[in-house]
A.B. asks: 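Handing you a structure now.
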Amino acid sequence: MTCASLEKACVSASQVVTRFAPSPTGFLHIGGARTALFNWLYARHHGGRFLLRIEDTDKARSTQAAIDAILDGMSWLGLDWDGETYFQSHFAERHAEVAHQLLEAGHAYRCYMTGEELAAARADAERERRPFRIQSPWRERGAGEAPADQPCVIRLKAPREGETVIEDQVQGRVAVQNAELDDFILLRSDGSPTYMLAVVVDDHDMGVTHVVRGDDHLNNAFRQLVIVRAMGWPEPVYGHVPLIHGPDGAKLSKRHGALGVETYRDELGILPEALFNYLLRLGWGHGDDEIIARDDAVSWFDLGHVGRSPSRFDTKKLEHLNAHYIRAADPYRLASLIDHKVEGALRRGLDARDIDLLARAMPQLTPRAKDLNELADGALFLFRPRPLDMDEKASSLLDGDARDLLALVHDALGRLETWDAETSEQAVREVAEARAVKLGQVAQPLRAALTGRATSPGIFDVLALLGREESLARIADQMTRKEN
Ligand code: GLU
C-alpha cells in the first residue's frame, strides 16, 4: 500500500500522530497496554491521531487469537484508535520498494555472504573476544562482482564515523557511536522485509510524528533513525518508556502480574477505569494525584513527566484503585458485570427482579469489595435458597440463647407497620433493651439468620433489602432449627 492509499493516516505535519504497534505473538499484557495508553493519551491530549498497526510479519508466531485479544483489550480500556486497523504484512511490497530505493541511492548494498562465511566471521570474533559486528566485503564491492544465481540480502550501509544522537522525550539525550551500528539486513534473501525496515517505512507512511514505546526498543531507534535519515524523511520524536518491573525489582514476569489484560477483566474482576488509572500512574505522575479521571488524564498527560527509572508493579495499588472505582460505578452496570458470577455460584439464573435487588444492594455491597469477585461473593446471601446454609462462624453465633432472642426479634419485627432500616433498628434495639443485653448480642444472631455468615453489610440495611416476608422467613428458619 502506498501513502496515497493510506490517505486517512497521512496528516498535516503539525498534527501529532502516535501509534501502537504490537506484535500479535501473545496477548495484550500490562506493558503493552501501558504503551498503548501513553500513545493514546499523547494523541488525545494534542488533538492528534492515534493509530493501531498490528505487526504481523512473523507469520509463524502471529495468531488470530492474539490479534483479537489485543483489539478486545484496547476496546475494553477505552483506547479507541483512529482509522482502520493496519496490518504490517499488507505493506511488504512497499517495504521492498524502499529497500530498493536505498540500494539505488547508495545507502544499502546487496550482500552475498554465505551462511558459512557468516559463521566463520562470528567464530573469529568469539576467538578474539570482541563483539561480533558484521563486516561484509560486499559493502565496497561493485555490483559487477556479484556471483550469478546466489541468493543475497539487502543490508543498510550504516555510517561508521561519528555518533547518532536522539533527544528522547523520556530518556533525555542519548547517543551511540556509529562504529557500534552494524550493517543490518533490510530485506531478506526471500524478499521479505525485516522488522527494522518495516517499522520505519510504516511509521513514515502513516505520518507518525511521535514514537512512544518501551525502552527495550531504544537500541533499535538508533538503527531506525539511520534509515529515516538515508531516506530524507522527517524524524519522529522518540519517547522510550522504562519497562515495568516486579515489586522485587526484577523484570516483570507472569509471577508478578504480567498477565493478559483479559485476565484482569475476566478472572481478577478489575474494572477498566481502574486498570486505566493504574497503568497511567505506572511510570507517569501528576503531583501526588493517585486517582485520576480519564478526562483529567487527557488534559494533563505529557511525556516530560514519564519517569526515567523502571516502575514497579504493585498489586495492592491496583486493588485500592479498583475498590475506589467499584464504589463510584453505576449500580446497574455493576450488577450486569457480576450477574454471571452470581448465577454460576447459585446455579440458577437471575430474573429482572433479582437484578433490581442486586443493583439496590450496591451501596451496601461495594464498600466491602475490592474486586468484582468479592462483590459477587458478597451479594450471594441476597439470593441463597432457604433454609440458608450457615457457615461455621454463623452457626456459632446461634449458640446459647441466640435462638430465643431471634424469636423475640421475629415477634417485634413482625409487628412493624413500615419496613425500613430505621424502624427495624428501633425494634431490634428495644428487644436488646428489654432483655438487658447489648445490641450486638441480638444483631449477630440476626446477621447469621439473614445471611448465613458472620460478616455482611449493616444488618438493618440487609433487612430492608430482603424485605419483610423473606427476612421473617429466614429468621423463623433459624428459630426452629435444631442445633447440630
Ligand atoms: N512490534 C514491536 C513490539 O511489539 C513494537 C515496535 C515499535 O513500537 O516500534 O515490540
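Predicted model, so just to flag it, every value in this text is computed and none were measured.
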A.B. asks: Can you tell me if Thr194 uses its side chain to pair, donor with acceptor, with the backbone of Ile185 under 3.5 Å?
C.D. replies: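 Yes, the answer is positive, given that a donor and an acceptor are paired below the 3.5 Å cut-off.
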A.B. asks: Is any side-chain heavy atom of Phe222 less than 4.5 Å from a side-chain heavy atom of Val165?
C.D. replies: no
A.B. asks: Within this structure, what is the CZ-CD1 distance for the pair Arg110 and Ile154, rounded to the nearest 0.5 Å?
C.D. replies: 5.0 Å
A.B. asks: Under a 4.0 Å N-O cut-off, is there an ion pair linking Glu343 with Arg348?
C.D. replies: no
A.B. asks: Only one of Asp168, Val176, Val241 forms a side chain to side chain contact (heavy atoms under 4.5 Å, CB included) with Leu218, so which one is it?
C.D. replies: Asp168
A.B. asks: Using distance alone, with no hydrogens and no angle criterion, decide if Asp80 and Trp40 have a side-chain donor and acceptor under 3.5 Å apart.
C.D. replies: yes
A.B. asks: Roughly how far apart are Asn220 CG and Met196 CE, rounded to 0.5 Å?
C.D. replies: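 With rounding to 0.5 Å, CG (Asn220) is 4.0 Å from CE (Met196).
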A.B. asks: Where do Arg133 and Asp183 land on the salt bridge (charged side-chain N to carboxylate O under 4.0 Å, His left out) test, with the steps shown first?
C.D. replies: CA-CA 8 Å; Arg133 207 150 280 128; Asp183 286 357; over 6 Å; no
A.B. asks: Distance-only, no hydrogens or angles: does the His46 side chain make a donor-acceptor pair with backbone N or O of Gly48 under 3.5 Å?
C.D. replies: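 The answer is no, because no donor-acceptor pair under 3.5 Å joins these two groups.
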A.B. asks: Asp202 vs Tyr86, test: side chain to side chain donor-acceptor pair (under 3.5 Å). Steps then yes/no.
C.D. replies: CA-CA 10 Å; Asp202 291 347; Tyr86 297 105; over 6 Å; no
A.B. asks: For Phe313 and Tyr278, take the angle between the two ring planes, folded into 0 to 90°, and tell me which bin it lands in: parallel under 30, tilted 30 to 60, perpendicular over 60.
C.D. replies: perpendicular
A.B. asks: Is the backbone N or O of Ala369 less than 3.5 Å from a side-chain atom of Arg327, with the two atoms forming a donor-acceptor pair by type?
C.D. replies: no
A.B. asks: In terms of relative ring orientation, are Phe301 and Tyr42 parallel, tilted or perpendicular, with 30° and 60° separating the classes?
C.D. replies: perpendicular
A.B. asks: Taking Leu51's backbone N and O only, do any of them form a donor-acceptor pair with Asp82's side chain (distance below 3.5 Å, no angle check)?
C.D. replies: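 The answer is no, because no donor-acceptor pair under 3.5 Å joins these two groups.
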A.B. asks: Does Arg130 make a cation-pi contact with Phe132, if we ask for NZ or CZ under 6.0 Å from the ring centre and within 45° of the axis?
C.D. replies: no
A.B. asks: Report the C-alpha distance between Glu55 and Arg53 in whole Å, list the side-chain angles of each, state the deciding distance to 0.1 Å, and finish with yes or no for salt bridge (charged side-chain N to carboxylate O under 4.0 Å, His left out).
C.D. replies: CA-CA 6 Å; Glu55 303 212 314; Arg53 180 176 72 233; 2.8 Å; yes
A.B. asks: May I ask you to test the Ile54-Thr85 pair for a side-chain heavy-atom distance under 4.5 Å?
C.D. replies: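 Side chain of Ile54 against side chain of Thr85, heavy atoms only: contact under 4.5 Å found.
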A.B. asks: Ignoring hydrogens and geometry, is there a side-chain-to-backbone donor-acceptor pair from Asp58 to Thr25 under 3.5 Å?
C.D. replies: no
A.B. asks: Is the number of heavy atoms from other residues, nucleotides or ligands within 6.0 Å of CD (Glu161) greater than 12?
C.D. replies: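 Counting neighbours around CD of Glu161, 12 or fewer heavy atoms of other residues, nucleotides or ligands fall under 6.0 Å, so no.
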A.B. asks: Without swapping roles, check the side chain of Arg294 against the backbone of Glu273 for a donor-acceptor pair under 3.5 Å.
C.D. replies: no
A.B. asks: Determine yes or no for a side-chain-to-main-chain donor-acceptor pair under 3.5 angstrom, with Asp330 supplying the side chain and Arg333 the backbone.
C.D. replies: yes
A.B. asks: Do Phe184 and Leu186 have side chains that approach each other closer than 4.5 Å (heavy atoms only, starting at C-beta)?
C.D. replies: yes
A.B. asks: For the CG atom of Leu268 and the CG atom of Leu275, what is their distance to the nearest 0.5 Å?
C.D. replies: 10.0 Å
A.B. asks: Counting only heavy atoms not in Lys317, do more than 12 sit closer than 6.0 Å to its NZ atom?
C.D. replies: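 Not buried by this count: 12 neighbours or fewer within 6.0 Å.
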A.B. asks: Looking only at non-hydrogen atoms, find the nearest pair between Ala36 and Met74 and report the distance.
C.D. replies: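 Shortest heavy-atom contact: CB-CE, 4.5 Å.
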A.B. asks: Identify the two heavy atoms, one from Phe381 and one from Pro457, that lie closest to each other, and give their separation to 0.1 Å.
C.D. replies: CE2-CD, 3.9 Å
A.B. asks: Would His305 and Trp284 count as a ring-ring contact (aromatic ring centres under 6.0 Å, His included) here? Give the steps.
C.D. replies: CA-CA 6 Å; His305 286 90; Trp284 179 84; 7.2 Å; no
A.B. asks: Kindly indicate whether the side chain of Met231, heavy atoms from C-beta on, has any atom under 4.5 Å from the side chain of Val98.
C.D. replies: yes
A.B. asks: Within the supplied structure, the quantity of interest is the number of heavy atoms (other residues, nucleotides, ligands) at a distance under 6.0 Å from Gln64 CD; does it exceed 12?
C.D. replies: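 Yes.
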A.B. asks: Taking atom NE2 of His324 and atom CG of Asn277, what is their separation to the nearest 0.5 Å?
C.D. replies: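 Rounded to the nearest 0.5 Å, the NE2-CG separation comes out at 7.5 Å.
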A.B. asks: Are any side-chain N or O atoms of Ser75 and backbone N or O atoms of Leu71, one a donor and one an acceptor, separated by less than 3.5 Å?
C.D. replies: yes
A.B. asks: Under 4.5 Å between any side-chain heavy atoms of His286 and Asp296, yes or no?
C.D. replies: no
A.B. asks: Less than 4.0 angstrom from a charged side-chain N to a carboxylate O is my criterion; do Glu116 and Arg122 meet it?
C.D. replies: no
A.B. asks: Give a yes or no answer on whether the side chain of Ser62 reaches the backbone of Lys59 with a donor-acceptor pair at less than 3.5 Å.
C.D. replies: no
A.B. asks: Atom CG of Asp377 and atom NZ of Lys341: how far apart are they, to the nearest 0.5 Å?
C.D. replies: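 Rounded to the nearest 0.5 Å, the CG-NZ separation comes out at 10.0 Å.
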A.B. asks: Can the ring centroids of Phe50 and Trp81 be said to lie less than 6.0 angstrom from one another?
C.D. replies: no
A.B. asks: Are the side chains of Arg223 and Val226 in touch, meaning some heavy atoms are under 4.5 Å apart?
C.D. replies: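 A side-chain contact under 4.5 Å is absent here.
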A.B. asks: Going by heavy atoms in the side chains, are Leu346 and Leu380 under 4.5 Å from each other?
C.D. replies: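 The answer is yes; the side chains approach within 4.5 Å.
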A.B. asks: Can you name the closest pair of heavy atoms from Leu28 and Ala33 and give their distance?
C.D. replies: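 Closest heavy-atom pair between Leu28 and Ala33: CD1-N, 3.6 Å.
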A.B. asks: Determine, stepwise, if the pair Arg49 / Thr18 fulfils side chain to side chain donor-acceptor pair (under 3.5 Å).
C.D. replies: CA-CA 6 Å; Arg49 292 164 61 78; Thr18 64; over 6 Å; no
A.B. asks: So does Arg61 have more than 12 non-hydrogen atoms from other groups sitting under 6.0 Å from CZ?
C.D. replies: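 No, because the 6.0 Å sphere around CZ of Arg61 holds 12 heavy atoms or fewer from other groups.
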A.B. asks: Are the side chain of Asn322 and the backbone N or O of Leu318 linked by a donor-acceptor pair below 3.5 Å?
C.D. replies: no
A.B. asks: Checking Leu334 against Leu372 for the side-chain contact (heavy atoms from CB on, under 4.5 Å) test, could you report, in this order, the C-alpha distance in whole Å, the side-chain angles of both residues, the deciding distance, and whether it holds?
C.D. replies: CA-CA 8 Å; Leu334 289 174; Leu372 296 177; 4.1 Å; yes
A.B. asks: For residues Val212 and Thr35, determine if any side-chain heavy atom of one lies less than 4.5 Å from a side-chain heavy atom of the other.
C.D. replies: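 No, side chains not in contact.
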A.B. asks: What's the shortest heavy-atom distance between Lys251 and Leu243, and which atoms?
C.D. replies: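 Scanning both residues completely, I find the closest heavy atoms to be CE-CD1, 3.8 Å.
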A.B. asks: So, Thr451 and Arg447: side-chain donor and acceptor under 3.5 Å apart, yes or no?
C.D. replies: no
A.B. asks: For a salt bridge (charged side-chain N to carboxylate O under 4.0 Å, His left out) check, start with the C-alpha distance between Glu97 and Arg94, then their side-chain angles and the critical distance, and finish with the verdict.
C.D. replies: CA-CA 5 Å; Glu97 181 184 299; Arg94 166 73 179 145; 2.8 Å; yes
A.B. asks: So, for Ala175 and Glu163, which heavy atoms are closest and what is the spacing to 0.1 Å?
C.D. replies: CB-OE1, 3.8 Å
A.B. asks: Testing His217, Arg308, Arg213 for side-chain hydrogen bond (donor to acceptor under 3.5 Å, both in side chains) with His240, which one passes?
C.D. replies: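 Considering His217, Arg308, Arg213, a side-chain hydrogen bond (donor to acceptor under 3.5 Å, both in side chains) with His240 is found only for Arg213.
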A.B. asks: To the nearest 0.5 Å, what is the distance between SG (Cys111) and CG (Leu187)?
C.D. replies: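 With rounding to 0.5 Å, SG (Cys111) is 13.0 Å from CG (Leu187).
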A.B. asks: Counting only heavy atoms from other residues, nucleotides and ligands, does the tally under 6.0 Å from CD of Glu126 exceed 12?
C.D. replies: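 No, not enclosed.
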A.B. asks: Looking only at non-hydrogen atoms, find the nearest pair between Val306 and Pro242 and report the distance.
C.D. replies: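 Of all heavy-atom pairs spanning Val306 and Pro242, the closest is CG1-CD, 4.4 Å.
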A.B. asks: Kindly indicate, with the supporting measurements, whether the criterion salt bridge (charged side-chain N to carboxylate O under 4.0 Å, His left out) is fulfilled by Asp461 and Arg360.
C.D. replies: CA-CA 11 Å; Asp461 290 322; Arg360 267 193 295 120; over 6 Å; no
